[in-house]
Number of protein chains: 2
Amino acid sequence: MKKVSEPTIGRLSVYLRLLMELAEADVDTVSSEELASRSGTTAAQVRKDLSLFGTFGKRGLGYSVPELVTRLRAILGLEKAWRVALVGAGRIGAALFGYENFRRQGFNIEAVFDTDPTKVGQRWNGLVVEADAGMERVLEERGIEIAVVAVPARAAQGVVDRLVAAGIRGILNFAPTQLDVPAGVVVKTVDMALEMEGLSYALSREEREPGAA
Amino acid sequence: MKKVSEPTIGRLSVYLRLLMELAEADVDTVSSEELASRSGTTAAQVRKDLSLFGTFGKRGLGYSVPELVTRLRAILGLEKAWRVALVGAGRIGAALFGYENFRRQGFNIEAVFDTDPTKVGQRWNGLVVEADAGMERVLEERGIEIAVVAVPARAAQGVVDRLVAAGIRGILNFAPTQLDVPAGVVVKTVDMALEMEGLSYALSREEREPGAA
DNA sequence: CAGAGTTTGTGAAAGCGTTCACAAACAAAC
DNA sequence: GTTTGTTTGTGAACGCTTTCACAAACTCTG
């Protein structure tokens, strides 16, 4: 199998989302052109992305929506339900916990941890917030596979070290900090401040040299 | 001025964050090597990134921390305070509202909007949640420059159209959907589900072909 | 069933971003 | 002041991703 880039995987997720909408609307066939225009890319890009994983289309017709949904879900590993733990029961943690699109794709939050004694013991939608101290044991007991880190930046590396030691190999990080993990552990960072600074740059730039962007 | 890529801007933000920490610790000089190892990139990359905007270093010595902080803040447009509106007073909106790193870099949330009548009128840290209907007027009155869209996906495009019509040219989008905007308007999307699916892909892949990643 | 019209899959070309490698510039030591 | 050691700035090479372009494969119509 050829090498697959990060951006490609991101686009596959986008295609999948669109395809599920199309399936909902009982559309049964879609062209690369249609998919491209709805996802903000080009038809050639769509075909290249898909061709990395097999040949799913029919020439002269396009792609079968239900089939492509199935294929993409398989490719992205979304056929199983993932067991997820949330570390940090602050506002970001709460937002994530309530995020619909999470559960819908099979990411089930099955544990919530925090250090704050006033938060420990609270019920979140039927799930009890647990003390940070017992984290390793709970991760093991519940077979957690993915952790979401939503703690302050200065605490993040420590948490991550513990998660890695406990066997977690996938981490979604919200702390605005560089994390070091051993090979074999995957970290994705969501950095809102970074995105805002990207906006700031683009807007300042337009004021300085109009029409440049 | 040469063309500057998205990834470069992202790295500049990271460098700035590190430099502010160094400044806090009264470090006054830093090498590209040091900056690189702390930000997870290479020394050559750091120098290339910075060289796009001028020559800030001293050969044989490195970069002056305070000077580079100033320069980066200028480059990223962070010398001014940006007036930001939050559209959508749900959980994600609440998380963002309380996000420290936002205000610290000069992004001031000066209006919050929602359609839900039970939310309108609530006080958020001294700021009253306003009805969606009066959005355009408030944006104008308060000179809002950047909007954060934290509404359900199906409502996002409509909100964005109104924002653009009202003169907003920078949008941070949390809705998991493709947004169409005219040229000159910058949209950055933060898509948590997408990142999770990236994790799912990487983890599934490792199970199928260990050591591949 | 033949012909006209679509749409895919994919090598090849082009475009970008990263890495390399080294001369130039400076600091520090003696 | 000279030498040794360090670090920057940058053209060139490299590698990866995207775009192009078109033959092959299929549909649909009459």
Side-chain angles (χ1 to χ4, degrees), chain A residues 1-15 18-19 22 27-69 71-72 75 178 194 198 201 212-213, chain B residues 1-15 18-19 22 27-69 71-72 75 178 198 201-202 212-213:
Chain A
M1 160 107 46
K2 292 153 203 157
K3 212 170 26 182
V4 181
S5 69
E6 290 279 306
T8 294
I9 299 304
R11 285 190 299 266
L12 292 183
S13 291
V14 173
Y15 304 154
L18 293 170
L19 287 161
L22 291 171
V27 175
D28 43 40
T29 274
V30 69
S31 68
S32 56
E33 185 58 50
E34 176 78 14
L35 266 179
S37 83
R38 293 200 190 217
S39 58
T41 181
T42 66
Q45 182 76 76
V46 171
R47 296 199 298 272
K48 250 294 184 301
D49 287 341
L50 295 176
S51 76
L52 295 173
F53 297 91
T55 85
F56 309 131
K58 266 212 183 72
R59 302 185 182 209
L61 189 61
Y63 300 89
S64 152
V65 171
E67 189 200 326
L68 201 47
V69 165
R71 300 302 199 111
L72 287 179
I75 291 166
Q178 168 71 13
L194 204 95
Y201 171 78
Chain B
M1 161 105 45
K2 292 151 201 159
K3 211 168 28 183
V4 181
S5 70
E6 290 279 306
T8 293
I9 299 304
R11 286 190 300 267
L12 292 182
S13 291
V14 173
Y15 304 154
L18 292 170
L19 286 162
L22 291 171
V27 176
D28 42 43
T29 276
V30 70
S31 69
S32 57
E33 186 58 51
E34 175 78 14
L35 223 39
S37 83
R38 295 199 188 218
S39 59
T41 183
T42 65
Q45 182 75 77
V46 170
R47 295 199 297 273
K48 250 301 192 276
D49 287 340
L50 295 176
S51 76
L52 295 173
F53 297 91
T55 88
F56 309 131
K58 267 213 181 73
R59 301 184 181 208
L61 189 60
Y63 299 88
S64 153
V65 171
E67 189 201 327
L68 201 46
V69 165
R71 299 301 198 112
L72 286 179
I75 290 166
Q178 168 71 13
Y201 171 79

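Lettering follows sequence order; numbering is per chain, from 1.
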What's the CD1-C1' distance between B:Ile9 and C:dG17, to the nearest Å? 14 Å
Output all residues satisfying salt bridge (charged side-chain N to carboxylate O under 4.0 Å, His left out) with A:Arg47, sequence neighbours left out; order by chain, then residue number. none
Considering non-hydrogen atoms only, spot the tightest contact between B:Leu12 and B:Ile75 and give its length. CD1-CG2, 4.1 Å
Value in whole Å for how far the C1' atom of D:dC26 lies from CZ of A:Phe56: 18 Å
Rounding to an integer number of Å, can you tell me how far A:Glu33 CD sits from D:dT19 P? 13 Å
Provide, to the nearest angstrom, the distance between the CG atom belonging to A:Asp49 and the P atom belonging to C:dT10. 13 Å
Options D:dT8, D:dT18, C:dG9, nucleotide nearest the side-chain atoms of B:Ser31: D:dT8
Should B:Arg47 be listed as having a side-chain N or O under 4.0 Å from OP1 or OP2 of D:dG9? no
Report the nucleotide, chosen from D:dT10, D:dT8, D:dT27, that has the shortest atom-to-atom distance to any side-chain atom of B:Ser32. D:dT8
Would you mind reporting whether B:Val4 and B:Phe53 have side-chain heavy atoms less than 4.5 Å apart? yes
Nearest of C:dA25, C:dT8, D:dT18 to any side-chain atom of B:Arg59? C:dA25
How do B:Val30 and A:Leu61 order along DNA chain D: which one's closest nucleotide is nearer the 5' end? B:Val30
Interatomic distance where CG belongs to A:Leu52 and C1' belongs to C:dT8 [whole Å]: 15 Å
Counting only side-chain heavy atoms from C-beta out, which of D:dT18, C:dC20, D:dC20 sits nearest to A:Ala44? D:dC20
Kindly indicate whether the side chain of A:Ile9, heavy atoms from C-beta on, has any atom under 4.5 Å from the side chain of A:Asp49. no
N/O (side chain, A:Tyr63) to phosphate O (OP1/OP2, C:dG9) under 4.0 Å: yes
Any idea which of D:dC16, D:dA21, D:dT18 is nearest the A:Lys3 side chain? D:dC16
Counting just side-chain N and O atoms, does B:Ser5 come under 4.0 Å of either OP1 or OP2 of C:dC16? no
How many whole angstroms separate atom CD of B:Glu34 from atom P of D:dT6? 16 Å
Given C:dT7, C:dA27, D:dG9, identify the nucleotide with an atom nearest to the side chain of B:Lys58. C:dA27
Looking at the side chain of A:Lys48, which of D:dT27, D:dG9, C:dA12 is the nearest nucleotide? C:dA12
Is any side-chain nitrogen or oxygen of A:Gln45 closer than 4.0 Å to OP1 or OP2 of D:dT19? yes
For B:Leu18 and B:Ser39, the nearest pair of non-hydrogen atoms, with its separation, is CD1-CB, 3.5 Å
Interatomic distance where CG belongs to B:Leu50 and P belongs to D:dG9 [whole Å]: 8 Å
